[in-house]
Amino acid sequence: MSAYLILKHLHMTAAYLTVTLFALRLLLDAVGRPGWRQTPLRWIPHANDTVLLVAAISLLFVTPWMPFVHGWLTAKIFLLVGYIVAGLFALKPGRSTPLRVTAAILALVQVAAIFHLAMAKPVFGA
Ligand code: HEM
């Protein structure tokens, strides 16, 4: 298998895992099980997100895709920042429920947009 295919599969697997792990932690908080913070679920998402990003950056070296040249990729990077910030608020135990729910919805909408951009790769200005 080529380096490209290995990186792409790694990136995609980590992408599906990031959403699954985020949703799982939201769900556990929602059903009153905040104890996941004392389990490996505390660090596994961070390890997965590191793999996601390393694979993403490596893909830039083996594909013609370039941020600030291809608009879908530029948009993905900005949405990624939004997903991280909203995700942090959504999982902060000390914050109010309405703020956390709003942040969770924002994070999920942004990660859905990232998936859409990644799959459709629409052509628009950088
Ligand atoms: C939460 C963050 C991210 C998610 C969920 C995500 C998801 C995906 C998915 C599902 C694909 C495969 C689309 C397909 O062809 O079917 C993909 C492709 C790609 N991603 Fe990401 N991605 C993320 C972040 C990034 C970042 C930060 C970069 C670059 C800095 C990046 C670079 C790429 C590139 C270059 C491809 C195209 C590979 C190709 O089709 O040749 N991704 N991404």
Side-chain angles (χ1 to χ4, degrees):
M1 211 195 274
S2 67
Y4 165 67
L5 280 181
I6 292 169
L7 289 171
K8 182 158 168 166
H9 282 120
L10 193 63
H11 183 61
M12 288 175 69
T13 306
Y16 289 110
L17 265 175
T18 192
V19 181
T20 307
L21 292 169
F22 178 55
L24 178 65
R25 286 173 293 162
L26 286 178
L27 198 71
L28 287 170
D29 274 353
V31 297
R33 304 275 298 274
W36 62 262
R37 291 176 177 79
Q38 278 77 52
T39 72
L41 200 51
R42 185 185 176 86
W43 59 265
I44 289 172
H46 299 298
N48 178 65
D49 290 347
T50 305
V51 171
L52 175 78
L53 278 185
V54 170
I57 291 162
S58 308
L59 271 173
L60 300 182
F61 289 94
V62 296
T63 64
W65 302 117
M66 285 167 71
F68 304 105
V69 172
H70 301 106
W72 67 271
L73 194 51
T74 313
K76 248 179 95 164
I77 292 168
F78 283 109
L79 285 164
L80 173 69
V81 176
Y83 169 57
I84 292 171
V85 173
L88 282 175
F89 276 95
L91 293 172
K92 267 263 175 339
R95 307 279 171 177
S96 71
T97 303
L99 179 80
R100 290 186 60 188
V101 170
T102 309
I105 293 168
L106 270 177
L108 291 171
V109 167
Q110 290 181 100
V111 81
I114 293 177
F115 269 93
H116 170 70
L117 289 169
M119 289 182 210
K121 301 182 182 58
V123 177
F124 53 89

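Indexing begins at 1, ligand by ligand and atom by atom, following the structure's order. In what follows, every heavy atom counts, from backbone to side chain, and hydrogens, waters and symmetry copies are set aside.
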Nearest non-hydrogen protein atom, atom 36 (C) of ligand 1:
W72 CH2, 3.8 Å
Can you name the side-chain contact (heavy atoms from CB on, under 4.5 Å) partners of L60, sequence neighbours left out?
P67, L73
Is Y4 in polar range of ligand 1, meaning some N or O pair under 3.5 Å apart?
yes
Excluding waters, which protein N, O or S atoms are within less than 2.8 Å of atom 21 (Fe) of ligand 1?
H11 NE2, K76 NZ
Can you report which non-hydrogen protein atom sits closest to atom 27 (C) of ligand 1, along with the distance?
L80 CD2, 3.6 Å
Is F61 touching ligand 1 with its side chain, its backbone, both, or neither, if touching means heavy atoms under 4.0 Å apart?
neither
Mind checking whether F115 and Y16 have parallel, tilted or perpendicular rings, split at 30° and 60°?
tilted
side-chain hydrogen bond (donor to acceptor under 3.5 Å, both in side chains) partners of W65, counting only residues at least two apart
none
In the protein, which heavy atom is nearest to atom 15 (O) of ligand 1, and how far is it?
K8 NZ, 2.8 Å
Close N or O approach (Y16, ligand 1; < 3.5 Å):
no
Main-chain N/O of V54 paired with S58 side-chain donor or acceptor, under 3.5 Å:
yes
For atom 16 (O) of ligand 1, the protein heavy atom that lies nearest, with its residue and separation
M119 CG, 3.8 Å
H116 side-chain N/O to A112 backbone N/O, donor-acceptor pair under 3.5 Å
no
Pair listing, ring pair (Phe, Tyr, Trp, His ring centres under 6.0 Å) test, anchored in residues 86-107, at least two apart:
none
